[in-house]
Protein chains: 2
Amino acid sequence: MGRPPLAKDKILAAARQIVEQHGAGCLTFDELARVSGITRGGITYHFPTKEDLLRGLLESDFAQWEESETALTPPDCDPETARLLGFIRAYTSQDESHRRFLSGMLSAATLDPSLMDPCRQELQERLGRKQWTERDLRMHILHLAAEGLMWQELFQMFALPAPARARLITLIERLAREWGEEQPGRLAKEA
Amino acid sequence: MGRPPLAKDKILAAARQIVEQHGAGCLTFDELARVSGITRGGITYHFPTKEDLLRGLLESDFAQWEESETALTPPDCDPETARLLGFIRAYTSQDESHRRFLSGMLSAATLDPSLMDPCRQELQERLGRKQWTERDLRMHILHLAAEGLMWQELFQMFALPAPARARLITLIERLAREWGEEQPGRLAKEA
DNA sequence: GTAACTATACAGAACATTCTGTATAGCTAT
DNA sequence: ATAGCTATACAGAATGTTCTGTATAGTTAC
């Protein structure tokens with residue numbers, strides 16, 4: 001909490017780099033030591049076991065993720081639409097923090113799927129409360145589209161030229177605003 | 001070509017099962033032998049190396065994938081819309097063949113990303129020819145939404161109740177038809 | 001038609017490597 | 001003197017790969 005150690009961040013950064021570049025199968029302690037420049041002893045000091053490492057990856061990424069998500073939320077529309085726009089911007093943002101979250105999730109999922117349980121729980125709570133009106137469904141389509149784009153890019157299956165990509169995101173956001181205002185409904189009165 | 005061997009199919013089926021249930025990290029020859037009922041010698045006969053195994057997974061899945069994709073294409077609308085609807089149905093279909101494709105891709109990507117190069121190339125060719133009109137972008141949003149849903153379900157991050165899921169897919173298809181007919185443009189005259 | 005041979009499809013064990021986890025001793029700045 | 005880290009070493013297990021053996025079906029020669 002007080003002085004953040006430097007090595008820990010280097011280790012996590014190197015782990016993300018390895019996963020992104022060579023796949024989660026190459027995420028070993030030896031390779032991690034080589035890439036991060038921290039010795040195996042130092043790595044073990046911070047992450048005694050590999051599960052600790054993966055958990056650390058997930059936690060730091062998830063924190064960064066939620067932080068940026070709320071930071072990107074524009075306040076000029078109703079809360080639910082704003083939240084969706086925050087999602088979309090977070091998913092489609094070019095900066096790497098969101099990819100990092102996904103790569104962490106990916107490595108965790110492939111090496112030990114149970115590590116994702118907290119994420120599952122969180123998602124369950126978020127989506128479980130919805131009524132799934134037509135408006136909810138429409139908004140969810142846009143949410144899924146942004147997420148699908150992120151997956152494609154994470155796997156480097158992304159083939160859209162940059163201008164088209166920018167227009168695509170703009171279009172998604174425009175639709176979010178249009179559809180969000182379509183039915184103000186009971187969302188405006190109760191916070 | 002003549003008589004398809006039985007063991008090979010068992011091995012591939014077991015591999016998919018392992019990846020789906022326990023993650024690609026658990027896809028080892030020992031586990032594969034245990035689940036498939038084929039001994040390690042037999043496995044090695046058909047797939048001398050692990051790369052061969054993953055390549056086999058990808059190839060068989062990709063074949064199955066394209067087959068079902070075109071099979072699910074409804075012929076009652078313009079070709080491009082029909083193709084999108086085929087995509088969507090393939091992505092969101094409850095039957096397991098598409099999950100299999102994804103699980104194969106996933107294991108390939110996590111263990112050796114370069115195995116996905118053929119898929120990348122195919123996608124590049126498909127998307128590279130588009131002009132990315134507003135209509136194209138809208139259709140692509142629906143494509144991505146279906147794909148995002150598939151990813152969520154593959155990672156078992158899916159939280160929508162079944163009725164809402166069905167309505168979501170119906171809505172996506174409805175939008176595909178609406179947006180597909182919005183601008184017949186130059187698509188109708190040239191095949 | 002049967003003996004010799006080839007090719008295919010697997011079984012079963014052995015091998016060498018890699019990886020995780022753990023341990024220990026030392027350095028350095030505060 | 002303690003936290004943070006370097007440096008090295010090693011045990012135990014897991015894993016990819018290789019090797020040898022076995023069973024069966026098909027082909028060819030005689």
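A note on names: the letters A, B, ... follow the listed sequences, proteins ahead of strands, and every chain is numbered from 1.
With dC10(C), dA7(D), dT15(D) as the candidates, the nucleotide lying closest to the side chain of Thr28(B) is dT15(D). In the set dG16(D), dT22(C), dC5(D), dT22(C) carries the atom at the smallest distance from any side-chain atom of Arg40(A). Of the candidate nucleotides dG21(C), dA7(D), dT22(C), dT22(C) has the atom nearest to the side chain of Thr44(A).
Applying the 4.0 Å criterion to OP1 and OP2 of dC5(D), one finds that His46(A) has a side-chain N or O inside that range. Tyr45(A) has a side-chain polar atom (N or O) that falls below the 4.0 Å cut-off from OP1 or OP2 of dG4(D).
In this structure, CD1 on Ile38(B) lies 9.0 Å from CG on Leu32(B), to the nearest 0.5 angstrom.
Taking the six-membered ring where the residue is Trp, His143(A) and Tyr91(A) present perpendicular rings, their angle passing 60° and hence far from 30°.
In this structure, Glu80(A) and Arg135(A) have side chains that are in contact, with non-hydrogen atoms separated by less than 4.5 Å.
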inquiry  = side-chain hydrogen bond (donor to acceptor under 3.5 Å, both in side chains) for Ser60(B) and Arg16(B)? Distances and angles first, verdict last.
reply    = CA-CA 11 Å; Ser60(B) 76; Arg16(B) 285 187 274 255; 3.3 Å; yes
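For the 3.5 Å distance criterion, the side chains of Asp78(A) and Thr81(A) qualify, holding a donor opposite an acceptor.
Following rounding to the nearest Å, Lys50(B) (NZ) and dT17(D) (P) show an atom-to-atom distance of 8 Å. In this structure, Arg34(A) atom CZ and dT8(D) atom P are separated by 16 Å, rounded to whole Å. One atom, NZ of Lys10(B), and another, P of dA9(C), lie 14 Å apart when rounded to the nearest Å. Distance CD (Glu31(A)) to P (dT18(C)): 12 Å, rounded to an integer number of Å. The CD1 atom of Ile11(A) sits 12 Å away from the C1' atom of dT6(D) (whole-angstrom rounding). Atom CD1 in Ile43(B) sits roughly 20 Å away from atom P in dT8(C) (whole-Å rounding). With rounding to whole Å, Lys8(A) atom NZ is found 10 Å from dG4(D) atom P. Between the CD1 atom of Ile38(A) and the P atom of dG4(D) there is a distance of 13 Å, rounded to whole Å.
For Gly41(A) and Asp30(A), each mapped to the nucleotide of DNA chain C holding its nearest heavy atom, the one lying further toward the 5' end belongs to Asp30(A).
Nucleic acid contact class of Leu27(A) (heavy atoms, under 4.0 Å, all strands): sugar-phosphate only. Residue contacts shown for Thr39(A) include a base, since a base heavy atom lies under 4.0 Å away.
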